[in-house]
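Here the structure comes first, spelled out in structure tokens, and everything after it is commentary.
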Amino acid sequence: MNLKKLILATLALSAATLAQADNWPSRPLTLIVPFPPGGAADTVGRYYAEQLSTSLGQPVVVDNKPGAGTAIAAEAVAKAKPDGYTLSLATAGQLAILPNLQAVRYDPIKDFTPVAVLASVPNVVAVGPQTKIDSLQALIDQAKAKPGALSYSSCGNGTLCHLSGELLKNLAGVDLLHVPYKGSAPAVTGLLGGEVDVAVDTLTVLAPQIQAGKLKGLVLTSAERSPLLPSVPSANEVGLPGFVASGWFGIVLPKGAEPALVERLNNAIEVIADKPETAERFGQQGISVERSSPAGFAQVIAADKARWGEVIRTAQVHIE
């Protein structure tokens, strides 16, 4: 093929790509959510699906695909056509944590096209009344005085709750016994019942118990306080600026999605994020609205994958 023909072919391909983006979407879209209905991820996914249905002029149908620690959903998206009709609600656990814990049949960096971060929710370190601990420093002092004597619960082995507890141990130089539960509900029940001394779980889960005075919140794993728990200090305030561990939710497409299509979807998401009702609706559950460019989201995925990978290796975390 001579140079003239090559240029014409390239221009024709570019025109076809632009036409495809301009005509998108011309039929219903599917948003795959890696969890069952209910919970923070499903809440975020369904809200954005509803809002995108209006702004894009086509239904966005939520397809819950739980299982294999979110790997089933990720694999389904990785194998889908990059035509913009299969979207995925991606999570930190799915793309940044799980690939560090077990062999998965997808590459979190290479197999997806990041579109935008939608929201995030930090964790809280809380104690039950039986400990008589009233601050993070008091917890650290007691843990240093009696290494391994204090226990902390998480919502499961290898979860962000668990890894946040391991990160605290690393940063504070303390030894806490990890007690994994099968979900947040039994983990909180265990703390309330005195089975463990400390709990590390999401703001969404622990806020009601702290607000009711049943638990004492010691620190929020974020740079700033939350309006939901104004009395609980941030990581920066307690002298642990590295103790920032928020679970994020974002939208990704299969690899190979056209840049023009990605930009259009990102713009639509940004309009939704700017609506006051979005912040109000999420804020009631301790969820913060986030915004990012596709490139910015790609950086978040890569950075968190590296960060949690280091925590996992240092703590020698394994899942069965």
Side-chain angles (χ1 to χ4, degrees), residues 31-52 60 62-67 69-74 77 87-98 115-126 153-156 158-165 181-189 199-211 215 217 220-222 224-229 232 244-252 269 272-273 275 277-292 297 300-301 304 308:
L31 174 64
I32 295 178
V33 175
F35 292 97
D42 188 63
T43 295
V44 172
R46 287 183 182 278
Y47 176 77
Y48 271 90
E50 175 187 327
Q51 295 293 314
L52 286 171
V60 179
V62 174
D63 182 9
N64 296 93
K65 284 186 179 296
T70 69
I72 289 178
V77 177
L87 290 63
S88 175
L89 183 82
T91 68
Q94 184 185 54
L95 298 188
I97 294 176
L98 191 62
V115 178
V117 181
L118 305 180
S120 67
V121 58
N123 286 325
V124 183
V125 178
S153 68
S154 77
C155 55
T159 62
L160 185 60
C161 303
H162 174 200
L163 299 185
S164 296
Y181 285 78
K182 294 182 178 180
S184 293
V188 174
T189 299
V200 183
D201 215 310
T202 68
L203 174 61
T204 303
V205 168
L206 292 178
Q209 301 294 339
I210 296 173
Q211 291 170 334
L215 299 176
L220 199 66
T221 63
S222 61
E224 299 178 352
R225 295 195 184 204
S226 167
L228 207 60
L229 294 176
V232 178
V244 175
S246 293
W248 45 256
F249 312 101
I251 294 290
V252 299
I269 289 171
I272 298 169
K275 292 182 177 181
E277 65 185 80
T278 303
E280 181 180 355
R281 182 165 178 172
F282 288 173
Q284 295 172 354
Q285 301 180 58
I287 302 171
S288 299
V289 177
E290 302 289 351
R291 299 164 182 79
S292 77
F297 188 15
V300 168
I301 296 170
D304 269 16
W308 292 121

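Values below: every heavy atom of this structure, side chains too, minus hydrogens, waters and symmetry copies.
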>> When you compare the side chain of Val121 with that of Phe249, does any pair of heavy atoms fall below 4.5 Å?
In response: yes
> Any sub-3.5 Å donor-acceptor pair from Thr204's side-chain atoms to Gln285's backbone N or O?
Replying inline: yes
> Going by heavy atoms in the side chains, are Asp201 and Cys161 under 4.5 Å from each other?
Replying inline: yes
>> Are the side chains of Leu31 and Ile251 in contact, using a 4.5 Å heavy-atom criterion?
In response: yes
>> Counting C-beta onward and ignoring hydrogens, is there a side-chain heavy-atom pair between Asp42 and Phe35 closer than 4.5 Å?
In response: no
> Is the closest side-chain heavy-atom distance between Arg281 and Tyr47 below 4.5 Å?
Replying inline: yes
>> Using a 3.5 Å distance criterion without hydrogens, assess whether the side chain of Ser246 forms a donor-acceptor pair with backbone atoms of Trp248.
In response: no
> Is there side-chain contact between Thr221 and Val244, with heavy atoms separated by less than 4.5 Å?
Replying inline: no
> Can you name the one residue among Asn123, Val232, Leu229 that meets side-chain contact (heavy atoms from CB on, under 4.5 Å) with Leu203?
Replying inline: Leu229
>> Is it the case that the side chain of Gln209 and the backbone of Leu215 share a donor-acceptor pair, with hydrogens and angles ignored and the cut-off at 3.5 Å?
In response: no
> Would you say Thr278's side chain and Ile272's backbone share a donor-acceptor pair under 3.5 angstrom?
Replying inline: yes
> Hey, does Gln94 have a side-chain heavy atom less than 4.5 Å from the side chain of Ile301?
Replying inline: no
> Donor-acceptor pair, Gln211 side chain versus Leu228 backbone, under 3.5 Å?
Replying inline: yes
